[in-house]
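Take a look at the structure below.
Counting from 1, the numbers follow the sequence of the chain as shown. These numbers come from a predicted model, not from an experiment.
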Amino acid sequence: MAAYNLKNVSSVHCGLFREISNETERVPPTKCPIPLISVDVNASLVHAVAQVEVTQVYVNKEEQPIEAIYFFPVNPEGAVTHFQAELEGRVIKGVVKAHEEAKEEYERAVRSQRTAFLGEETKADIFKIRVGFLKPGSQVKVIIGYVTQVKNEPGTNAIRFYIPTTVAPRYVSPSEKDDKAKEIGNMRFSDSSPARLTLKVVVSLQDKIKSIESPTHSIQVEKQGQIPGKQGWEKALVKLSGTTIDMDRDFVLNILPEQIHKPRLYSEKMADGSTAVMVHLIPSFKLDEQKTELIFVLDRSGSMNGQSIRLAKEALLLFLHSMPADCYFNVIGFGSSFSFLFPNSAKYDDGTLKIAVAHTKDLEADLGGTEILKPLKDIFEKPEIKGYLRQVFVLTDGQVSNTDGVIGLTQANAHKARVFALGIGNGASHHLVEGLAKAGGGTAAFVAYNESINNKVLNQLKNALQPSLTDIKLTWEGVELGLPTENRRIAVNKEKTLMGYNKPIEPVPESRIEYKQSPKQIPPIHDGSQLLVFGLFHRECPSGVVITALSPDGPLTIRLEHSDENDVGTSGMLHRLAALKLVRELELEISGLSYQGVDQVSQSEESKKNEIIEIACKNGITSKYTSFVAIDVEDETKQLLKNWGMETRYVPLQLAHRWYGGKCSLNSLSCASTTSALTKPYSFLLPLSLHQGDTANVPSQLVHFSHGGKPPHIPRRCASIEPLYAPLAPPFPTILTNFNAGEAHHLRSTPNAGNDLMFRSSPNVVPMPIDSLQGNNDTMISSTEADDDSGEDIGFGLFDDYDETKNETLDEDLEEESVLFRTSCQKLINLQCYDGSFALDDKLSDIIAIPLDKLNEGKLI
């Protein structure tokens, strides 16, 4: 092994390195201003539904045209229904089209140097906005409106309304190759808000408002009393206490009505005569408990570090101490890998409880990426325990990109187990958590960092221990219902006459009314969990409805009467929500197709996709297959400007509050870098200790990593006070590769390269799982010289200072030191936060052999 001398190196950077050809490349990157300057949110809540309007202002402060791209969070229970831009006094309204058509129209306009806008779903809870060819000095206002249902806090009378403001970084599995996964992998993040946020919510209830509180923000509540002309309705205005610049957590309101819940039938009649009615019911019942097998699936990925894993452990301990005596249970921890506490679910007794409690207390967020698909498959494939119904509880922040696959798998196996989900933290994915519960026939709940978890846990356990109500049917009163249009048979004239033979007979006007129900298949009903069902009628409004649900004790029913007091106006909100529920129902069916072994899957998928496009375009809503597009037609006649290229600027999302968990900031122990996508494996210097000074001789350990062309989630310590650039480490599982000393490359640090860092790589390395890192003698971790032509040698390594004359003894100890290196490397990987940083605690101190008090003082050496 060679030794090097660090000659008075004043600033050394760890991370990714690239070979540079000359000193002219050492130019600090130009910092581009963020084009988004403000975000204003206005929401109107009416009992169980809401309309949200988000106004974003973009300004191009650069000297060339730009394309601004912003991934904005929306409620997955809703969909965007309004999209328009205001540019230089012109209003440019968006139109919903099939995604491919909208994208092509947008790109054609941008190529023609016209300002254009595209709004599309990346996922049900991520809305991607593209503002294309925004000219220098131009300012544009983009207005996005979406409708959504509003749920009650399960098991209570309180209404829980939330507005998402950020999307936490999501793990992208190596197996995901589709465009949506690539988009999620390319999202940008920052530890500060990209723009100023203002927010206002108008709350309207058909009841007196007892209280409005927020567990996430400081708010001002102004109760405005009864709504004029609406008997029994009250209104309140909610604002943030002052202007905030933070968009790092969901904005959550808990609204408590004065009275207990009263089931109602709401209606909305439009100018064309069509009527939408909405059944709003929070059922209350108690059935005999059933014998159960309870399986707890705990997210131990890096994104759960800090308070998230502590909340998850608190919830799991409460579950364990609250289970019934006669049950089976098991605990699974998952990340890049997963493991069961017991090989098979164990009978619940004092002994197994003691083992589970001790195991839970020792759990950490130390398993890397969020690979939830594999453990769920394993659970569904395990044989059932006769007489005990399987109930699965998933405790997670839900930060994965393959949500459709996870939800589809759950739906395809809903006959084997019910799935309940608990979302942990301020940035938990509602799409995954609620999608799991919906597909698995269970319930979903969320807990923010400063909320009590007890009632949420006990309510979920209560619902898992008793049957849900199924086979729900609605019987409408006051209207004589006919078949939907698509099911009607057209009568043909068979009389042999010159006036109409074999032609359709003109239909005789009927009193029977065509209608649609949304959703078509009503999900199971749980005690204390809200049920919303929509009916769409072409003309008349029903006078009432009878709801019947099947239980082990026989059918349970309730009758609701319609009242004019329950009319919600003519905004079209109920109509669009009814259409949205039909779309989401079809999307869920598509997700489950690949897991059901259905013949002609592609044909069935294409049919459902076309139905989604038809419904979405007709009702003006976005979906998985439809997008909004808006083009500024004023630019059509203007002459094209030659050599005027467009630069793309991503608006970074603010990291979710306390998302990285530990006490360590981005600028202390971590040093990360974003890179362009590559197709080859690459080299990386892994520093475990740092030595600086005239006489320090340091070997450098060169480790090869490989991952599908993108940087892995890698352990590192920052070797300088001011790191190069500290965004997130890309959330990918690390794969270590075999390395031969002859494949070492000449590397040089580039402290001014910012986020443009590149590196050299070897195409001949063979990937090998990180699990083989520890104790595998076939893995070679060899040294290489990082010789800087300027005369300053840069090196990082495991070993302490040593004299060159001791090289002969060093070689003899190489094998022992390599095992130590592999063990330390694995431990560091297990400790690392999702952003590449480390919590400053005793575990880190022990591994890197630096006293904790020194770490807290920022002394890394």
Side-chain angles (χ1 to χ4, degrees), residues 48 149 151-157 260-265 277-295 319 322-328 384-393 410-422 434 436-445 455-477 517-535 542 544-561 581 585 588:
Q149 71 176 72
K151 295 185 177 181
N152 71 305
E153 184 68 67
T156 74
N157 194 40
I260 62 171
H261 168 72
K262 180 180 178 181
R264 289 185 174 95
L265 187 63
V277 295
M278 180 183 75
V279 174
H280 179 217
L281 169 68
I282 302 176
S284 177
F285 58 88
K286 181 173 174 44
L287 300 172
D288 292 340
E289 289 188 358
Q290 54 196 357
K291 292 183 178 181
T292 53
E293 175 197 13
L294 307 173
I295 300 178
F319 273 123
S322 306
M323 294 188 295
D326 186 10
C327 74
Y328 285 81
E384 299 176 3
I385 300 174
K386 188 175 181 180
Y388 293 80
L389 300 176
R390 181 168 292 164
Q391 316 291 313
V392 178
F393 298 85
T410 304
Q411 188 205 33
N413 290 276
H415 61 289
K416 297 180 181 178
R418 285 196 299 182
V419 177
F420 298 79
L422 182 63
E434 292 180 352
L436 276 171
K438 185 185 297 183
T443 62
N455 290 338
K456 301 172 191 284
V457 167
L458 295 177
N459 184 70
Q460 284 207 322
L461 184 60
K462 173 202 68 178
N463 281 324
L465 295 179
Q466 69 172 342
S468 55
L469 305 183
T470 58
D471 196 22
I472 299 100
K473 297 189 184 308
L474 273 61
T475 304
W476 301 102
E477 297 180 337
Q517 177 182 294
S518 174
K520 291 182 256 184
Q521 298 295 325
I522 301 175
I525 293 178
H526 295 268
D527 174 48
S529 292
Q530 175 177 282
L531 172 70
L532 289 186
V533 183
F534 295 86
V545 65
V546 176
I547 308 167
T548 304
L550 187 62
S551 80
D553 299 336
L556 304 181
T557 64
I558 186 171
R559 182 179 178 276
L560 306 180
E561 286 189 2
K581 272 193 170 288
E585 187 177 24
L588 182 60

(message) Which heavy atom of Gln521 sits nearest to which heavy atom of Glu585, and what is that distance?
(response) N-OE2, 2.8 Å
(message) With rounding to the nearest 0.5 angstrom, report the CG to CG distance, Asp288 to Leu465.
(response) 12.0 Å
(request) Go through Leu389 and Glu384 one step at a time and tell me if the side-chain contact (heavy atoms from CB on, under 4.5 Å) criterion holds. (result) CA-CA 8 Å; Leu389 300 176; Glu384 299 176 3; over 6 Å; no
(message) Test your reading of the model: is there a side-chain donor-acceptor pair from Arg418 to the backbone of Asn463, 3.5 Å cut-off?
(response) yes
(message) Between Asn413 (side chain only) and Ala417 (backbone N and O only), is there a donor and an acceptor less than 3.5 Å apart?
(response) no
(request) Determine the minimum heavy-atom distance between Pro324 and Glu289, stating which atoms define it. (result) CB-OE1, 4.4 Å
(message) Using a 3.5 Å distance criterion without hydrogens, assess whether the side chain of Asp527 forms a donor-acceptor pair with backbone atoms of Phe285.
(response) yes
(request) Examine distances only and state if a side-chain atom of His526 and a backbone atom of Ser468 form a donor-acceptor pair shorter than 3.5 Å. (result) no
(request) Report yes if some heavy atom in the side chain of Pro263 is under 4.5 Å from a heavy atom in the side chain of Leu560; otherwise report no. (result) yes
(message) With a 3.5 Å distance limit and no angle check, can you tell me whether Gln460 reaches the backbone of Thr443 through a side-chain donor-acceptor pair?
(response) yes
(message) For Ile525 and Leu556: C-alpha separation, side-chain torsions, deciding distance, then whether side-chain contact (heavy atoms from CB on, under 4.5 Å) applies.
(response) CA-CA 11 Å; Ile525 293 178; Leu556 304 181; over 6 Å; no
(request) Start with the C-alpha gap between Gln391 and Phe420, add the side-chain angles, then the distance that decides, and say whether side-chain contact (heavy atoms from CB on, under 4.5 Å) holds. (result) CA-CA 8 Å; Gln391 316 291 313; Phe420 298 79; 3.4 Å; yes
(message) Within the structure provided, determine whether Val279 and Leu532 are in side-chain contact (heavy-atom separation under 4.5 Å).
(response) no
(message) Keeping Glu153 on the side-chain end and Thr156 on the backbone end, is there a donor-acceptor pair under 3.5 Å?
(response) no
(request) Report yes if the side chains of Leu422 and Val457 come closer than 4.5 Å at any heavy-atom pair, otherwise no. (result) yes
(message) Can you tell whether the side chains of Lys291 and Asp326 come within less than 4.0 Å, N to carboxylate O?
(response) yes
(request) For the residue pair Arg264 and Lys262, establish whether any side-chain heavy-atom pair is separated by less than 4.5 Å. (result) yes
(request) Indicate the atoms forming the closest heavy-atom contact of Gly554 with Ser551, along with that distance. (result) O-OG, 2.5 Å
(message) Suppose we screen for salt bridge (charged side-chain N to carboxylate O under 4.0 Å, His left out). Which residues come up paired with Glu477, at least two apart in sequence or across chains?
(response) Arg559
(message) Could you measure the distance from the CD atom of Glu293 to the CZ atom of Arg390? Nearest 0.5 Å is fine.
(response) 4.0 Å
(message) Using 0.5 Å steps for rounding, measure from the NE2 atom of His261 to the CD1 atom of Ile282.
(response) 4.5 Å
(request) Please report the shortest heavy-atom distance between Leu469 and Ala549, naming the atom on each side. (result) CB-CB, 3.8 Å
(request) Given side-chain contact (heavy atoms from CB on, under 4.5 Å), test Ile547 with Thr557 step by step and report yes or no. (result) CA-CA 5 Å; Ile547 308 167; Thr557 64; over 6 Å; no
(request) Say whether, by atom type as modelled, one donor and one acceptor occur between the side chain of Asn152 and the main chain of Asn157 under 3.5 angstrom. (result) no
(message) If I compare all heavy atoms of Leu588 with all of Ala439, which pair ends up nearest, and what's the gap?
(response) CD1-CB, 4.1 Å
(request) Might you point out which heavy atoms bring Leu461 and Ser322 nearest each other, and give the distance in Å? (result) CD2-O, 3.4 Å
(message) Heavy-atom count check: over 12 atoms from other residues, nucleotides or ligands less than 6.0 Å from Lys456 NZ?
(response) yes
(message) Working to the nearest 0.5 angstrom, can you tell me the gap between Ile472 CD1 and Thr470 OG1?
(response) 6.5 Å
(request) Keeping the roles fixed (side chain from Glu434, backbone from Leu436), state whether a donor-acceptor pair exists under 3.5 Å. (result) no
(message) Does any part of the side chain of Thr292, heavy atoms only, come nearer than 4.5 Å to the side chain of Tyr328, both counted from C-beta?
(response) no
(request) Taking the side chain as every heavy atom from C-beta outward, state whether Gln149 and Lys581 have any pair of such atoms under 4.5 Å apart. (result) yes
(request) State, yes or no, whether a side-chain contact exists between Leu287 and Pro552 at a heavy-atom distance under 4.5 Å. (result) yes
(request) Determine whether Val533 and Ser518 make a side-chain contact, defined as any pair of heavy atoms from C-beta on separated by less than 4.5 Å. (result) no
(message) Please verify the inter-ring angle class for Phe319 with Phe393; under 30° counts as parallel, over 60° as perpendicular, anything in between as tilted.
(response) tilted
(message) Pairing donors with acceptors under 3.5 angstrom, does anything connect the side chains of Lys462 and Asn459?
(response) yes
